[in-house]
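A short worksheet on the structure shown next.
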Amino acid sequence: SMRLWGSLGFALVSILCGMAWQRLGYGWMFYAAAVTAVPCVLLISRLEEQPVRDRQPSGSVWLLLKDPGLLTLFAISFLAGVSLISTFIFGGIFMTDLGGTRSYVGLMFGFSALAEVPIMRASDNLMRRFGAPKILLAALVVIATAVYGHALARTPNFLLAAATLKGVGYGLFFVTTVYLINQRTPDGWKSTAQAIMGACLVGLAPLFSSALSGYVFDRWGGQVMFAGTASFTLVGIVLMVLALARGWLNPR
């Protein structure tokens, strides 16, 4: 539920600010970002820290990696992260290369985030009906299709549609992955497991691929770069099919 509000806020700000920077230029963007961070600081300072109820259990974090299901989820987070990060970093650049305005850049990220909202609200019902592992597989298929859609884009509107589809895939992927990791992890280790997933998705993935993706973009263009990063999610799909066949993600 908290992540859903983040998607909604991100979408509205992206769309409105895209229109604003179209008129005012990018210079004001940094001042606006600094000013809007101040209320967040004030709100956070009013939060009260609760006492720790349960101590962290003894043992090593490596115990988590003995579960093939968790290993699969961490690996898939990294593979999907390579595809997703390429759209986050280079999507706006590619939009302008295709002739899109700053307003289009805002719409691209805004529509993508808006698409996450209804799919996140429906995720619980979808997982109950079809099972979380199958929903995660579907999310990977949608992400791969969307990023290949970036590679096929030749107009701003086509790229806008591909970015919106990516939002559907990302919304499903995020919620389902968090759910599956929480389901498989013992009490006391859940936040650690979620942190490892986050590190794979937005830490290792950009560390591994961002500079290389930028080089490919400069050398051969955005179409080639997005086709390459989408292939990582294809590997994730193969891994997910294998995990389903072997029962690695069956409930513990």
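Starting from 1, each residue takes its place in the sequence as its number. What you see is a predicted model; the values in this text were computed from it and never measured.
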Hydrophobic cluster membership, with links at side-chain heavy-atom distances under 4.5 Å among I/L/V/M/F/W/Y: are [X] and [Y] in one?
X      : Y      : result
Val235 : Val238 : no
Met29  : Val105 : no
Leu24  : Tyr26  : yes
Phe111 : Leu12  : yes
Val141 : Phe174 : yes

Considering only heavy atoms from C-beta outward, does the side chain of [X] approach that of [Y] to under 4.5 Å?
X      : Y      : value
Val175 : Ile135 : no
Leu126 : Ile119 : yes
Phe10  : Trp5   : no
Val224 : Arg219 : no
Leu140 : Leu172 : no
Phe217 : Asp97  : yes
Met197 : Phe74  : yes
Glu116 : Val168 : no

If you measure from [atom1] on [X] to [atom2] on [Y], what distance do you get to the nearest 0.5 Å?
X      : Y      : atom1 : atom2 : result
Leu16  : Trp21  : CG    : CH2   : 10.5 Å
Ile85  : Leu204 : CD1   : CG    : 11.0 Å
Gln22  : Tyr104 : CD    : OH    : 11.0 Å
Ser103 : Arg23  : OG    : CZ    : 8.5 Å
Met19  : Thr101 : CE    : OG1   : 9.5 Å
Thr177 : Gln194 : OG1   : CD    : 9.0 Å

Determine, step by step, whether Leu8 and Leu114 satisfy the side-chain contact (heavy atoms from CB on, under 4.5 Å) criterion, reporting the C-alpha distance in whole Å, the side-chain angles of both residues, the deciding distance to 0.1 Å, and the verdict. CA-CA 6 Å; Leu8 183 61; Leu114 277 179; 4.1 Å; yes
Just checking, is any N or O donor in the side chain of Asp124 or Tyr179 under 3.5 Å from an acceptor N or O on the other one? no
May I ask you to check whether Phe226 and Phe90 place their ring centers less than 6.0 Å from one another? no
Any residue meeting side chain to side chain donor-acceptor pair (under 3.5 Å) with [X], in chain and number order, not counting sequence neighbours:
X      : result
Arg184 : Asp67
Thr87  : Lys166
Thr229 : Ser86
Asn125 : Arg128

Donor-acceptor contact present, side-chain [X] to main-chain [Y], <3.5 Å:
X      : Y      : value
Arg154 : Leu152 : yes
Thr233 : Gly236 : no
Thr176 : Phe173 : no
Ser112 : Ala163 : yes
Thr96  : Ile93  : yes

With sequence neighbours left out, which residue pairs that include part of residues 129-148 fulfil the side chain to side chain donor-acceptor pair (under 3.5 Å) condition? Tyr148-Ser231
Could you check Met225 against Trp220 for side-chain contact (heavy atoms from CB on, under 4.5 Å), going step by step and ending with a plain yes or no? CA-CA 7 Å; Met225 187 273 294; Trp220 292 287; over 6 Å; no
Taking all heavy atoms of [X] and all of [Y], pick out the closest pair and write down the distance.
X      : Y      : value
Ser7   : Ala113 : O-CB, 3.4 Å
Leu107 : Leu160 : C-CD1, 3.6 Å
Leu201 : Ser77  : CD1-O, 3.5 Å
Arg102 : Gly25  : NH1-CA, 3.1 Å
Ala230 : Val147 : CB-CG1, 3.6 Å
Gly169 : Ala139 : O-CB, 3.7 Å

Mind checking side chain to side chain contact (heavy atoms under 4.5 Å, CB included) for Thr185 and listing every partner two or more places apart, or none if nothing turns up? Leu64, Leu70, Ile181, Trp189, Lys190, Ala193
As a quick check of understanding, evaluate side-chain contact (heavy atoms from CB on, under 4.5 Å) for Ser210 and Ile89, giving each step before the final call. CA-CA 8 Å; Ser210 294; Ile89 298 176; 3.3 Å; yes
Working note: Phe88 + Phe109, criterion ring-ring contact (aromatic ring centres under 6.0 Å, His included); need CA distance, chi angles, decisive distance, verdict. CA-CA 8 Å; Phe88 298 156; Phe109 287 102; 7.4 Å; no
